[in-house]
Student: 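Structure in structure tokens, see below.
Letters A, B, ... are given to chains in the order of the sequence lines, protein chains preceding strands, and every chain is numbered from 1. Note that the coordinates shown come from a computational prediction; the quantities given were computed from them, not determined experimentally.
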2 protein chains.
Amino acid sequence: MDNHILNECPIQPVVDILSGKWTSYILWEIYNKNNHYGSIKKQLPGISTRTLAVRLKFLENKGILSRTVFNTNPPTVTYDLTNKGLTLAPILKSMKTWSELYQ
Amino acid sequence: MDNHILNECPIQPVVDILSGKWTSYILWEIYNKNNHYGSIKKQLPGISTRTLAVRLKFLENKGILSRTVFNTNPPTVTYDLTNKGLTLAPILKSMKTWSELYQ
DNA sequence: CCGGATCCCAGCGGATACTG
DNA sequence: CAGTATCCGCTGGGATCCGG
């Protein structure tokens, strides 16, 4: 997903984050308060457990998401945008606006 | 690149357009008046002729780009954002802003 | 110089089974 | 429920040749 040759391209950092196949959709769900692993999966029919887990961990490692485990039984895990992740909001909102106008 | 199952996801149309590996970079170049096939290729080290041609045609088919051939010798081809393509500007600008702050 | 046609391959991500 | 592990199919895209 990374491309060191393009470091001089000014949009490379965000493309690096968003370029995964499901990444934008996952961020959209969490941005809209759909925070649980299970409910995200339900809202994204077709995504595999592996892909969802891999992408969530990737976003966590990038500092975009925080992960919280509740010691209930059965266990519950929620994901939230960090302060850094929240700064992606203008991008997500402009994507939504465009999609509404030009779908 | 398309996913009919996600039709109800409100950002699906734009994700469909931007999800190709090089698509955002190509749009960024053209948005910044780097309009020639050859100069785009020069600015994106690592992209193959096939991929650039495929992505340009894809964006043309989507109504994002217009293609103009000049009957010079050797021939020259330029690509420009259509009116529809220009409406992607807010997305590209927000991507640039984010990348500057958080790279 | 632009880009179509072919061939080919790495690696993304899908399916499934399994665990704490 | 929330993942991890494994296997593997498929497609995006790279290399190359060629023609306009």
Side-chain angles (χ1 to χ4, degrees), chain A residues 1-6 9 12 15-30 34-62 64-80, chain B residues 1-6 9 12 15-30 34-62 64-80:
Chain A
M1 202 167 327
D2 207 1
N3 191 333
H4 60 288
I5 306 179
L6 286 173
C9 185
Q12 195 274 331
V15 171
D16 173 40
I17 287 173
L18 297 179
S19 61
K21 179 173 177 183
W22 292 92
T23 314
S24 297
Y25 295 130
I26 294 169
L27 286 171
W28 177 257
E29 292 303 323
I30 296 174
N34 184 13
N35 299 79
H36 292 257
Y37 179 93
S39 57
I40 295 169
K41 184 156 168 40
K42 181 181 280 187
Q43 275 301 307
L44 300 178
I47 196 172
S48 66
T49 62
R50 177 187 174 281
T51 298
L52 180 53
V54 168
R55 300 254 69 84
L56 287 170
K57 177 165 287 186
F58 172 80
L59 292 168
E60 194 189 349
N61 289 339
K62 290 285 184 179
I64 305 295
L65 296 181
S66 63
R67 180 175 182 272
T68 309
V69 183
F70 296 91
N71 281 325
T72 51
N73 193 325
T76 304
V77 181
T78 66
Y79 293 88
D80 294 276
Chain B
M1 204 170 323
D2 207 358
N3 192 334
H4 61 287
I5 305 178
L6 286 172
C9 184
Q12 197 273 333
V15 171
D16 175 39
I17 286 174
L18 297 179
S19 61
K21 178 174 176 182
W22 292 92
T23 314
S24 297
Y25 295 132
I26 294 169
L27 286 171
W28 177 255
E29 292 302 323
I30 297 173
N34 183 14
N35 300 79
H36 292 258
Y37 178 94
S39 56
I40 295 169
K41 183 157 168 40
K42 181 181 281 187
Q43 275 300 309
L44 300 178
I47 195 172
S48 68
T49 64
R50 177 188 175 280
T51 299
L52 180 54
V54 168
R55 299 255 69 85
L56 286 168
K57 175 165 284 185
F58 172 81
L59 291 169
E60 195 189 349
N61 289 339
K62 289 284 184 179
I64 305 295
L65 296 181
S66 63
R67 179 175 183 271
T68 310
V69 182
F70 295 92
N71 281 324
T72 52
N73 193 323
T76 304
V77 182
T78 65
Y79 295 87
D80 294 276

Student: For the residue pair A:Glu60 and A:Ile64, establish whether any side-chain heavy-atom pair is separated by less than 4.5 Å.
Tutor: no
Student: Are B:Trp22 and B:Leu44 close enough that some pair of their side-chain heavy atoms sits under 4.5 Å apart?
Tutor: yes
Student: Kindly calculate the angle separating the two end axes of the helix from C:dC1-D:dG20 to C:dG20-D:dC1, each obtained from five base pairs, and round it to 10 degrees.
Tutor: 50°
Student: What is the separation between atom CG on B:Leu52 and atom C1' on D:dG12, rounded to the nearest whole Å?
Tutor: 15 Å
Student: Quick check: do B:Tyr25 and A:Gln12 have side-chain heavy atoms less than 4.5 Å from each other?
Tutor: yes
Student: Using atom CZ of A:Arg55 as one end and atom C1' of C:dG11 as the other, report the distance to the nearest whole Å.
Tutor: 13 Å
Student: Phosphate oxygens OP1/OP2 of D:dG14: is one of them under 4.0 Å from a side-chain N or O of B:Lys21?
Tutor: yes
Student: Under 4.0 Å between any heavy atoms, over every strand shown, what does A:Phe70 touch: base, sugar-phosphate, or nothing? Just pick one.
Tutor: nothing
Student: Kindly say if B:Tyr37 contacts the phosphate of C:dG4, meaning a side-chain N or O under 4.0 Å from OP1 or OP2.
Tutor: no
Student: When all nucleic acid strands are considered with a 4.0 Å heavy-atom cut-off, which category describes A:Lys42: base, sugar-phosphate, or nothing?
Tutor: nothing
Student: Scan A:Lys41 against the nucleic acid and name what it touches under 4.0 Å (heavy atoms): base, sugar-phosphate only, or nothing.
Tutor: nothing
Student: Can you sort out the partners of A:Tyr37 under side-chain hydrogen bond (donor to acceptor under 3.5 Å, both in side chains), two or more places apart, ordered by chain and number?
Tutor: none
Student: Base contacts versus sugar-phosphate-only contacts with protein, heavy atoms under 4.0 Å: please encode nucleotides 15-20 of chain C as B, S and - from 5' to 3'.
Tutor: BB---B
Student: Ignoring backbone atoms, establish whether A:Lys57 has a side-chain N or O less than 4.0 Å from OP1 or OP2 of D:dT4.
Tutor: yes
Student: Let me know the distance between CG of B:Leu65 and P of C:dG3, rounded to the nearest Å.
Tutor: 12 Å
Student: Counting only N and O atoms by type, is there a donor-acceptor contact under 3.5 Å from the side chain of A:Asn35 to the main-chain atoms of A:Tyr79?
Tutor: yes
Student: Could you tell me which residues satisfy side-chain hydrogen bond (donor to acceptor under 3.5 Å, both in side chains) with A:Ser39, sequence neighbours excluded, listed by chain and number?
Tutor: A:Asn34
Student: Would you mind telling me which of D:dA2, C:dG3, C:dG14 lies closest to the side-chain atoms of A:Thr51?
Tutor: C:dG14
Student: Return the value, rounded to whole Å, for the distance between atom CG of B:Asn71 and atom P of C:dG3.
Tutor: 13 Å
Student: I need the CD-P distance between B:Glu60 and C:dC2, as an integer number of Å.
Tutor: 15 Å
Student: Does the distance from a Lys or Arg side-chain N to an Asp or Glu carboxylate O, for B:Asp80 and B:Arg67, drop under 4.0 Å?
Tutor: no
Student: Look at A:Arg67 and D:dG3 and indicate whether a side-chain polar atom (N or O) is within less than 4.0 Å of OP1 or OP2.
Tutor: yes
Student: Is the shortest side-chain N/O distance from A:Trp22 to OP1 or OP2 of C:dG14 below 4.0 Å?
Tutor: yes
Student: Who pairs with A:Thr72 by side-chain hydrogen bond (donor to acceptor under 3.5 Å, both in side chains), at least two apart in sequence or on another chain?
Tutor: A:Thr76
Student: Give the nucleotide from the list C:dG3, C:dC1, D:dA2 with an atom nearest to the side chain of B:Pro74.
Tutor: C:dC1
Student: Indicate every side-chain donor-acceptor pair of residues 45-54 of chain A with a distance under 3.5 Å to a residue at least two apart or in another chain.
Tutor:
unit_1: A:Ser48; atom_1: OG; unit_2: A:Thr51; atom_2: N; d: 3.1
unit_1: A:Ser48; atom_1: OG; unit_2: A:Thr51; atom_2: OG1; d: 3.0

Student: How many whole angstroms separate atom CG of A:Leu56 from atom P of D:dA2?
Tutor: 11 Å
Student: Taking atom P of C:dG3 as reference, at what distance in whole Å does atom CG of B:Leu59 sit?
Tutor: 13 Å
Student: Rounded to whole Å, please give me the gap between CD1 in A:Ile40 and P in D:dA2.
Tutor: 9 Å
Student: If we ignore hydrogens and angles and just use 3.5 Å, is the side chain of A:Ser19 paired with the main-chain N or O of A:Val15 as donor and acceptor?
Tutor: yes
